[in-house]
Amino acid sequence: MTKFNVFQRLCWTFLLALTLGLAGCDGDDGAAGAAGSNGTDGADGTDGLACWDLNGNGLGDLPDEDINGDGVVDVKDCAGASASATPLESCGVCHDTGSIADAGAAHALPPIEAVSNVAFAAVGADLAVTFDLADAGVPLTSYDEVMRAYVNNGGTVTDYRDVVTMANNGDGNYTITVAGAAAEAAINNRWLFRIRDSVAEAANPESDREFRTYFYADFPDNPFAADGALVVGGDACAACHGPEGIRVHGSNFIASDGGEPCLTCHGATDGRFGAVPALVQVAHGYHSSIASWEDPPEAIEPHVTYPTYMNNCSVCHSEDAQLAAVNAMSVSGAGCFSCHGSLAGLGFEEGNFHYSITDPETADCTVCHGAGGVAASLAAVTDFHNGAITERDGVIWEGEDTAVTEGALFDWQITGVADDGTDLTITWEASYDGIAFSPCNADPAAGPVFFADADPAATPPFEPDNLSILRNYAQGEDFILGTNPNRAGQPGSSPGVDADNTTCDGSGLVATTVVAVEETDAMYGRVAIQGKPRVLNVDPTPDPGFAAEYGTTMPVRAKTPTFDWVVGVGGKAPDRRAVADTSLCLNCHVGSLYQHGGNRVDNIDMCTLCHNAAANDEYVRVDTFGVDASEAYDGRAGQAFGIKEMVHAVHPAGATGNPVVIYRGRGIYGWADDVSKLSNWPTGD
């Protein structure tokens, strides 16, 4: 008998007994008796929680006393509570792992193929190439087609695509057979193959060629060995392009391979396409946005994709030996034009004698730019680039943005905040190259300088610096309670940091800055100290305009420090959950992660003080430009510019085609894959 049947039988037994018992009562029911007295009251239930932390966790009851001493018993007295809870965020109901709309599954990357254990063998007149294919160590077992097969002997390319087949040996192991290619084993060659999973690609037409990959290998040896090591490394490419690699020629080149696969064709004579532009031409041409040559069957259109500065050579030429090699590059038309495009791109005025050179692309520039020439002092790329100033006041020297390299030597921290309801007292300190120094130092010869009064008689003639305080306040976990009454979510004041409100302690190593508090009902606040410290300029003869502003010093990109405090109490607030890693932004934005006014640097925790969920540029559109939705370039009354909304909109704009326009007081910025998607956008015609 099943459990259900046993339960059913017991139920019927109880019902039958009840029926029989009632059958013996023939009389009518009597009148209802008087109501009984009330029972004793039950114990009081526990009080609901009145205190919550920054994460929305319950902390306990509202205290009975004015703990923070502000004269009122309120939520600001909750800071000492210790109880906690971990509520499930509402989004997680649907988007947690295993849920109906699992966010992880929706954003899972397509295969990131890795080829290993490549081996060549002559089989009769044919050449067999065996290899393993995997994604994060998991064998990829369904690739079935060879789409391209090129071989380069160090100068010319042979195309074998029409005579290759691929056999699946199981467990991610494959063999490509190149018919009639056994003779290639007699000389050193570089081979390049493109393969795909044609079934998966057909089943996922929206995948945009994600089920394809390239790989390269040398057999019997590297045909380019005599040319020396390649001056760009795979790590530098992967830092910006990521594990999916570089998407050109119908698939992704694995970024960790660097430029090595590209050498198979670029710089060689190709049987199908003739002379192929050298790697330096295409790499510089793409990144500087001057590329305009054709690559059948599609034309390469110029497009701006490089998120930092081309004259910061160290971004791509990241190893010491690589950077030294490119710094020693002599002046040549081909080398200079690879970035500048033409003589006009070099900035020569009309009528300059360089325009009379018959073929500047191939001319021997060392006649002048070499030993004994009239321009012998301008013989290498560094002779032209050293001392150049980036858009963000970085000084280029020996192929590096020294604002970045020097800024990396700083450790700048806010160490505490005291809040008595009247003044906010901020303590901060810094070290340079591992050694603590006085933030109040005013002599750049003695060490870094944070701020100094304008004094025309001083040496050097310091100008006022740009250190100041920036604040915002939290609702839940979001710092959206800005104090600017006319701009949602925006800070309302930014008092300066200078000798009038900042002192250093007896050791000289701890600075204290005092500013007035702002009126807010928030429990927690975040403070940042904006600005850049300065060190002695690496350029001994700086640009006159630059020297007029900074004297003998230069500003550097030291990370803007932030600190979260308990409003009206002081001390450290609970940590906000970490969502984004600034260091990943800096993989691409080397020296160029945008900072407004030049004083907000490389820290997303600082960016959210303005770029928060309440931020929208409608006030700029109305107050500064006087436009409404019908006149705006995107047809909107306003665009959210919270860090999440803005970054997610800007970065895929060229890939998805979804346009985004942000109006700022200093200009209007638009991103799209085609200007036609930006209504009324000026084209310059």
Side-chain angles (χ1 to χ4, degrees), residues 47-85 87 89-90 414 416-427 468-495 501 513-530 561-577 579 605-616 618-619 640-645:
D47 293 336
L49 298 177
C51 293
W52 301 85
D53 70 7
L54 189 63
N55 299 312
N57 299 324
L59 295 178
D61 299 339
L62 188 70
D64 296 326
E65 57 181 315
D66 179 18
I67 294 176
N68 72 340
D70 63 359
V72 181
V73 176
D74 58 17
V75 294
K76 295 181 181 179
D77 299 307
C78 293
S82 59
S84 64
E89 291 191 37
S90 58
I414 298 175
V417 173
D419 184 348
D420 62 6
T422 300
D423 291 324
L424 201 65
T425 302
I426 306 160
T427 54
S468 59
I469 300 297
L470 194 67
R471 289 166 288 184
N472 210 327
Y473 303 91
Q475 176 174 291
E477 282 205 324
D478 295 317
F479 288 90
I480 63 173
L481 302 178
T483 55
N484 188 318
N486 301 313
R487 300 179 177 185
Q490 302 303 289
S493 67
S494 55
N501 63 2
T513 300
V514 181
V515 296
V517 301
E518 297 179 300
E519 184 176 347
T520 178
D521 293 328
M523 184 183 298
Y524 302 115
R526 174 172 291 173
V527 61
I529 303 179
Q530 313 178 93
T562 61
F563 189 92
D564 295 352
W565 87 97
V566 182
V567 175
V569 177
K572 187 177 184 301
D575 290 333
R576 187 188 192 278
R577 73 185 191 278
V579 177
D605 289 339
M606 172 272 304
C607 299
T608 57
L609 293 178
C610 297
H611 293 275
N612 53 61
N616 191 289
E618 183 172 3
Y619 68 87
F641 61 86
I643 196 73
K644 175 177 64 177
E645 294 84 0

Checklist entry - How far does CG of Asp564 sit from OH of Tyr524, to the nearest 0.5 angstrom? => result 10.0 Å
Checklist entry - What heavy-atom pair brings Ile480 and Ala613 nearest, and what distance separates the two atoms? => result CG2-N, 3.9 Å
Item to check | Working for side-chain contact (heavy atoms from CB on, under 4.5 Å), residues Asp478 and Asn612 | outcome: CA-CA 7 Å; Asp478 295 317; Asn612 53 61; over 6 Å; no
Checklist entry - How long is the span from the CG atom in Asp419 to the CH2 atom in Trp565, to the nearest 0.5 Å? => result 6.5 Å
Checklist entry - Where do Val579 and Lys644 land on the side-chain contact (heavy atoms from CB on, under 4.5 Å) test, with the steps shown first? => result CA-CA 10 Å; Val579 177; Lys644 175 177 64 177; over 6 Å; no
Next on the checklist: Ignoring hydrogens, what is the shortest heavy-atom contact between Asp605 and Arg526? Give both atom names and the distance.
Outcome noted: O-NH1, 3.0 Å
Item to check | Separation between OG1 of Thr425 and CG of Asn501, rounded to the nearest 0.5 Å | outcome: 10.5 Å
Next on the checklist: For a quick test of reading the model, state the closest non-hydrogen atom pair linking Thr562 to Ala528 and the distance between them.
Outcome noted: CG2-CB, 3.8 Å
Checklist entry - What are the two closest heavy atoms between Cys607 and Ile643, and how far apart are they? => result CB-CD1, 4.2 Å
Checklist entry - Counting distance only, does the side-chain N/O of Arg487 pair as donor-acceptor with the main-chain N or O of Gly482 below 3.5 Å? => result no
Item to check | Taking every non-hydrogen atom, the tightest pair across Gln530 and Ser494 | outcome: NE2-CB, 4.1 Å
Checklist entry - How about Asp423 and Val515: do any of their side-chain heavy atoms sit closer than 4.5 Å? => result no
Checklist entry - Where is the tightest heavy-atom contact between Leu481 and Ala522, given as atom of each residue plus distance? => result CD1-CB, 3.9 Å
Checklist entry - Got a donor-acceptor contact below 3.5 angstrom from the Thr427 side chain to the Gly416 backbone? => result yes
Next on the checklist: Test side-chain contact (heavy atoms from CB on, under 4.5 Å) on Phe563 and Ile426; report intermediate values, then the result.
Outcome noted: CA-CA 9 Å; Phe563 189 92; Ile426 306 160; over 6 Å; no
Next on the checklist: Please evaluate residues Glu518 and Ser493 with respect to the criterion side chain to side chain donor-acceptor pair (under 3.5 Å), reporting the C-alpha separation (whole Å), side-chain torsions for both, the decisive distance (0.1 Å), and the verdict.
Outcome noted: CA-CA 9 Å; Glu518 297 179 300; Ser493 67; 2.8 Å; yes
Checklist outcome for this item: The reported gap from CE in Met606 to CZ in Phe479 (rounded to nearest 0.5 angstrom) is 14.0 Å
Checklist entry - Which value, rounded to the nearest 0.5 Å, describes the distance between Gln490 atom CD and Phe641 atom CZ? => result 4.0 Å
Checklist entry - Once you round to the nearest 0.5 Å, how far does CG of Asn472 lie from SG of Cys610? => result 7.5 Å
